Each structure stands twice: as C-alpha cells, then as structure tokens.
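Note that the structure is a prediction, hence the values are computed from the model and not measured. Proteins get letters first, then strands, A, B, ... in listed order; numbering begins at 1 in each.
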Amino acid sequence: MHYLEREFYRRDTLTVAKELIGKYLVREYEGTLLAGRITETEAYIGAIDKACHAYGGRKTERTRTLYEPEGTAYVYFIYGMYHCMNVVTEPEGTAAAVLLRGVEMIHGLEVSARLRYGREYEELTRRQLQNFADGPGKLCKAMAISREQNRVDLCSAGFYITDTFPGCINEELEIGASPRIGIDYAEEAKEYPWRFYVK
DNA sequence: TTCAGGATGTACT
DNA sequence: GTACATCCTGAAC
C-alpha cells in the first residue's frame, strides 16, 4: 500500500475532487489504523469561487494553508464544535482545495466508534451506524482529525490517501455532481456543480 | 421520515 | 458583534 503522490493533487481541482471519490483516507491514531472510503467531496477554487475562504486572494492566518503545496491537509474549526478537512490542490501559491464531506469507515471501527460516539461499536443504534461518517464534521470526529492536522503533508506515512486498501475491492463507481452544501452566502458560486458523490 | 431550533468557539470586520 | 464549507435532538407526521 502506498499513498497518492503529489502529482495527483497538482492537477485541476475539479478533477482531483472527482477522482478522490472511492479513494481511502488513512490515519494512524494511537497505534490503530483508521481508514475510510471517500464517498463525497467538494471543490473550492480561490481564484473564481466566492465560497472559498481564500476567494480573491484573501490571505489570513487561517487561509494561509490553502496556499501551501498540493497534498497538504487544510483543517479548520467551524460552528464552535466541528472540524472540516480539505486536501490542498494545485501548485504552491494557488489557493484551492477539496473538502472531504463523507467517508465509509472500513477499518478501525471499534476505536472510531468511541471517538465518534463515546460508545462501543456493538452498542450503536441503527441511526448512529447510518450517520457514522457521512458529513464533514462527522468524518473528522470519526477519525480524530482536528486543527492539529492542519498543514500536515498527506504525501507521507501516518496520514494519507491511497488508491487501494487491503481487503477492499475497487468497484466501478457511478459519480454524481450537484451544487455544494451550506454556502448560501456565495451568490452565483452556490450554483456551481462542484460537489461529487457516489450515486 | 422529515424538520426546526439550539449548541458552541473562533476568525474576521 | 456577526457569521460560520455542521450536527443532534425531539416532536410532528
């Protein structure tokens, strides 16, 4: 198993967002391997996108990460209690990223259940299983991702994205596109079909 | 099964 | 002071 190389992230952000569907987000957490198959992403492109934190070249302490080299993790705190994780795309100096909006956990479920709900996996309700990591804040909680992971290079061991995961078969996936979620403020950009998901 | 309302801290103006 | 790339709960259907 190997992580995706930097060239993967260097490309056009919409392409990266689409191709990240079906890949595996892997994180080594206190000795256990947590892994989830990516099921939903969104592209954010600073140069042309009013929904992007770095729209129009905005540079602040928070958005600084978006200008980092491709393959860097951009993690920020939102709504007082959640985190969102992105992967920076395109060359250094260009502000763009892909938000990870959902994964299906495939490894480390026992540890992940305690992180997510503070309960054992066997004790989870049907609803809790359904809602396990199908949202940007949920997947961060399920995989213990917080601001400590901001600016971390994903082209390295310990925290990365990969094409294959032991025991998992990569099926042909039908990918849908739609407008992005939760960006009503973004005027014309809110209509852009930059959200990708497994149909 | 869907929906409104509230929780919560920080970045930015 | 305000807005925020969200999620959970409980109540209505």
Novice: Give a yes or no on whether the backbone of A:His2 and the side-chain of A:Thr162 come within a donor-acceptor separation of less than 3.5 Å.
Specialist: yes

Novice: Taking only residues two or more places apart in sequence or in another chain, which ones pass ring pair (Phe, Tyr, Trp, His ring centres under 6.0 Å) with A:Tyr197?
Specialist: none

Novice: How long is the span from the CZ atom in A:Phe196 to the CG atom in A:Leu173, to the nearest 0.5 Å?
Specialist: 14.5 Å

Novice: For residues 124-134 of chain A, run the donor-acceptor check on the side chains, cut-off 3.5 Å, and write out each pair with its distance to 0.1 Å, sequence neighbours left out.
Specialist:
| unit_1 | atom_1 | unit_2 | atom_2 | d |
| --- | --- | --- | --- | --- |
| A:Thr125 | OG1 | A:Gln128 | N | 3.1 |
| A:Thr125 | OG1 | A:Gln128 | OE1 | 3.4 |
| A:Gln128 | OE1 | A:Arg119 | NH1 | 3.3 |
| A:Gln128 | OE1 | A:Thr125 | N | 3.0 |
| A:Asn131 | ND2 | A:Arg127 | O | 3.4 |
| A:Asp134 | OD1 | A:Lys138 | NZ | 2.9 |

Novice: Taking A:Glu42 first and then A:Arg180, would you say they form a salt bridge - that is, a charged N and a carboxylate O separated by under 4.0 Å?
Specialist: no

Novice: Could I get a table of every N or O pair under 3.5 Å where one atom is in the protein and the other is in nucleotides 11-13 of chain B?
Specialist:
| unit_1 | atom_1 | unit_2 | atom_2 | d |
| --- | --- | --- | --- | --- |
| B:dC12 | OP1 | A:Thr60 | OG1 | 2.2 |
| B:dC12 | OP2 | A:Thr60 | OG1 | 3.4 |
| B:dC12 | O3' | A:Arg58 | NH2 | 2.8 |
| B:dT13 | OP1 | A:Arg58 | NH2 | 3.2 |

Novice: Find the distance between OG1 (A:Thr164) and NZ (A:Lys23) and round it off to the nearest 0.5 Å.
Specialist: 10.0 Å

Novice: Going by side-chain heavy atoms closer than 4.5 Å, which hydrophobic residues are tied to A:Tyr185, directly or by a chain of links?
Specialist: A:Tyr44, A:Leu99, A:Ile183

Novice: Please classify the nucleic acid contact of A:Ile183 as base, sugar-phosphate, or nothing, using heavy-atom distances under 4.0 Å.
Specialist: sugar-phosphate

Novice: Are A:Glu187 and A:Lys190 ion-paired here, with the side-chain N under 4.0 Å from a carboxylate O?
Specialist: no

Novice: Is A:Val16 linked to A:Leu66 within one hydrophobic cluster, defined over Ile, Leu, Val, Met, Phe, Trp and Tyr using a side-chain heavy-atom separation of less than 4.5 Å?
Specialist: no

Novice: Starting from A:Ile169, walk the hydrophobic network (Ile, Leu, Val, Met, Phe, Trp, Tyr; side-chain heavy atoms closer than 4.5 Å) and list everyone else you reach, by chain and number.
Specialist: none

Novice: With Watson-Crick and G-U wobble geometry limited to distances under 3.5 Å, how should the secondary structure of DNA chain C be encoded in dot-bracket form, using | for bases paired to another strand and [ ] for crossing pairs?
Specialist: ||||.|||||||.

Novice: Show the atom names and distances, to 0.1 Å, of all donor-acceptor pairs under 3.5 Å that link a side chain in residues 70-85 of chain A to residues at least two apart or in another chain.
Specialist:
| unit_1 | atom_1 | unit_2 | atom_2 | d |
| --- | --- | --- | --- | --- |
| A:Glu70 | OE2 | A:Arg10 | NH1 | 2.7 |
| A:Thr72 | OG1 | A:Pro69 | O | 2.7 |
| A:Tyr74 | OH | A:His53 | ND1 | 2.6 |

Novice: Using a strict heavy-atom distance below 4.0 Å, which residues from residues 102-118 of chain A are in contact with DNA chain C?
Specialist: A:Arg116

Novice: Might you list the N or O atoms of the protein lying below 3.5 Å from N or O atoms in nucleotides 1-8 of chain B, with each pair's distance?
Specialist:
| unit_1 | atom_1 | unit_2 | atom_2 | d |
| --- | --- | --- | --- | --- |
| B:dT8 | O2 | A:Tyr79 | O | 2.3 |

Novice: Cation-pi check, A:Arg11 to A:Phe8: give yes when NZ or CZ is under 6.0 Å from the six-membered ring centre and within 45° of the ring axis, no otherwise.
Specialist: yes

Novice: Between A:Thr63 and A:Arg58, is any side-chain donor less than 3.5 angstrom from a side-chain acceptor?
Specialist: no

Novice: Would you grab the first and last nucleotide of DNA chain C (5' to 3') that comes under 4.0 Å of any non-hydrogen atom in chain A?
Specialist: C:dC4 to C:dG10

Novice: Once side-chain hydrogen bond (donor to acceptor under 3.5 Å, both in side chains) is applied, what residue pairs with a partner in residues 142-159 of chain A remain, sequence neighbours excluded?
Specialist: A:Arg6-A:Asp153, A:Thr65-A:Asn150, A:Glu68-A:Arg151

Novice: Side chains of residues 25-33 of chain A: which donor-acceptor pairs under 3.5 Å do they make with residues two or more places apart or in other chains?
Specialist:
| unit_1 | atom_1 | unit_2 | atom_2 | d |
| --- | --- | --- | --- | --- |
| A:Arg27 | NE | A:Met143 | O | 2.8 |
| A:Arg27 | NE | A:Ala144 | O | 3.3 |
| A:Arg27 | NH2 | A:Ala144 | O | 2.8 |
| A:Thr32 | OG1 | A:Tyr29 | O | 2.9 |

